[in-house]
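Notes to accompany the following structure.
Reckoned from all heavy atoms, side chains included, excluding hydrogens, waters and symmetry mates.
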Number of protein chains: 2
Amino acid sequence: MTRPGHRVPDGYDTSAYPSFAVTVDIVILTMRGGHLHVLLVQRGGEPYAGMWALPGGFKRPDETLDQAARRELREETGLVAPKHLAQFGAYGDPGRDPRTNVVTVAYLAVTPDPGSLHAGTDAAAARFWPVVDAVRELSLAFDHHRILSDAVDRAAEQLEQTDLATAFVGDTFALSELQSVYEELWQAEIDPANFRRSLTSPPPSTAAPGAYVEPTGKRAKASPRGGRPPELFRAGGAWRTQPPVRRPRTPRDQDRRTGGDIPE
Amino acid sequence: MTRPGHRVPDGYDTSAYPSFAVTVDIVILTMRGGHLHVLLVQRGGEPYAGMWALPGGFKRPDETLDQAARRELREETGLVAPKHLAQFGAYGDPGRDPRTNVVTVAYLAVTPDPGSLHAGTDAAAARFWPVVDAVRELSLAFDHHRILSDAVDRAAEQLEQTDLATAFVGDTFALSELQSVYEELWQAEIDPANFRRSLTSPPPSTAAPGAYVEPTGKRAKASPRGGRPPELFRAGGAWRTQPPVRRPRTPRDQDRRTGGDIPE
DNA sequence: TTAATAGTGTCTTTAAGACACTATCAG
DNA sequence: CTGATAGTGTCTTAAAGACACTATTAA
């Protein structure tokens, strides 16, 4: 990167390289009532005034991208400790912002349901939307529709590869809560007995560090509609060696893209 | 993203958002003699004059990031058709370029061994390095060491999830070639009989589209040291539903990070 | 009691590891 | 022939799916 005066493309002025604004945008996902939700803010000014958009803002020269993401998260939503926050893509199509050249770096944040949004937030202009609605019915500002879709795809992939599922639930949780995270993101049903076995039995022989979930000895309250109160678990240390649940591969799953193959 | 004048952080001037240069850098991986290699260019001008660096250059306002990556790839290396080219990260730490604020978007390119580099390239200033050497012994310009490491980690992950392995080999290939891609990137030995079974037996029941590899009926020449000439295969269409080879998880694999968890 | 949710036990299927064996080449 | 690489067959183990069954709550 970044070497003016080194093997210069023909006819391209090296002394004056083009200038961009750089922003970070954050896709904040959580589970509410068994369904995946995303936090959106309503835009005040032009362009796209009044439309819903992902929270985000300009990167400053003296901070890293991660710091910018964390700062914007706090400033726009009051959230200070998402359980997961990681970059997942950069977007720089010409004209994606009508005013100027903007490249944005998109982040995926995952948190247990925070209930209401914290201080420092204009609550009227920020709310969680069911992801299904946001994707299908809402017209989002800029290229945020695509960014949101990419984020959800990424989250679904990461469920299978990391401990991302545990970022959706609290420090202690019932297995059925965790299961609903997988079922919602994968749009697939999982047998509760097999799910429990996968999570509670020790990770494949070779791995050392603990289990996937550890019993706390406590139980949650029974649901308002009755039913046995579930045991509460804590996330264990075994996720890094080998995540416990594999995604069902259905035949019609063909259209899921994994990453950039060459389209020509 | 990208909204000057919308919910402005206190004390931050919204009318003049900071300006950045945006570059793309490309990690070009290939297999040579059974070992993973990366293409590096030697820098002409300051800063880091004379040091090895990843090929790359400035994004133009009228092109997408993908187009910029493809253009730089062609301009700096003569490569026009890598089998894989995809973004994998953005890097924007303050001071990563001593001259000005630069955010770079990093791409992973994978190609079968092109032999010599094509026209349009200053061959003296561009060569493939064994990745092991580049990572351990070479001091790279900017933060390119980290970018290279991240690219290799990403490639190793993607082997398990996509058809990336086939991007390292030609249109027809021996299974042993493909196997060496996995073994090199995972630093693990794979039983050739089991590897063959995984690739040549049909993908899990539910999947429809073809096989992982299709026989061409042809055979390669035997190696100079003798041995039976291998069958040549073509990549099939089954990779997208469920990749054929799972990565061995060793106990000491714990240190492999999967993505940004929260470090606090 | 019934409806609802949580949790156990077990049989079967399938993927993966181990490894002995055969096949075909160069020299 | 030997050494080297390619390819087949089979036994065993481990993970995952299916599903019948028991347990504990609210109303």
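For B:R228, the side-chain atoms get nearest to D:dA6 when compared with the rest of C:dG7, D:dA6, C:dC25. Distances were taken from every side-chain heavy atom of A:A193 (C-beta onward) to each of C:dC19, C:dT8, C:dA6; the shortest belongs to C:dT8. Closest to the side chain of A:S198, out of D:dG7, C:dC25, D:dA16, is D:dA16.
Under the 3.5 Å distance criterion, the side-chain polar atoms of B:H144 are matched with a main-chain donor or acceptor of B:L54. B:R32 places a side-chain N or O within 3.5 Å of a backbone atom of B:G115 that can act as its donor or acceptor partner.
Using modelled atom types, one finds a donor on one side chain and an acceptor on the other under 3.5 Å when comparing A:Y107 with A:D66. Side chains of A:D150 and A:Y91: a donor-acceptor N/O pair is present below 3.5 angstrom, by distance only. Remark: the A:E157 side chain and the A:Q161 side chain contain no N/O donor-acceptor pair separated by less than 3.5 Å.
The nearest whole Å value for the distance from the CZ atom in A:R196 to the C1' atom in C:dA6 is 6 Å. Rounded to whole Å, atom P of D:dC19 lies 17 Å from atom CD1 of A:I190. Taking atom CD on B:Q242 and atom C1' on C:dT14, their separation rounds to 12 Å, with Å as the unit. Atom CG of A:L232 and atom P of C:dT5 are 17 Å apart (whole Å). Going from atom CZ of B:R247 over to atom P of C:dA16 covers 16 Å, rounded to whole Å. In this structure, B:E231 atom CD and D:dG7 atom P are separated by 5 Å, rounded to whole Å. Between the C1' atom of D:dC19 and the CD atom of A:E189 lies a distance of 15 Å, rounded to the nearest Å. Rounded to whole Å, atom C1' of C:dA16 lies 13 Å from atom CG of B:L199.
Dense packing is recorded around CG of A:D133, with more than 12 heavy atoms of other residues, nucleotides or ligands lying under 6.0 Å away. Residue B:D113 qualifies as enclosed at atom CG: its count of foreign heavy atoms under 6.0 Å is above 12.
In the interface, the side chain of B:R197 is not paired with the base of D:dG9 through any donor and acceptor atom under 3.5 Å apart. Put simply, the side chain of A:N194 and the base of D:dA18 share a donor and an acceptor less than 3.5 Å apart.
The stretch residues 216-227 of chain A comes close to DNA chain D through A:P224, A:G226, A:G227, each having a heavy atom under 4.0 Å from the strand. Taken residue by residue, residues 164-183 of chain A places heavy atoms nearer than 4.0 Å to DNA chain C at A:S176.
Between atom CD1 of residue A:I26 and atom CG of residue A:L85 there is a gap of 6.5 Å, rounded to the nearest 0.5 Å.
Applying the ring pair (Phe, Tyr, Trp, His ring centres under 6.0 Å) test to residues at least two apart or on different chains, none of the pairs has a partner in residues 153-175 of chain A.
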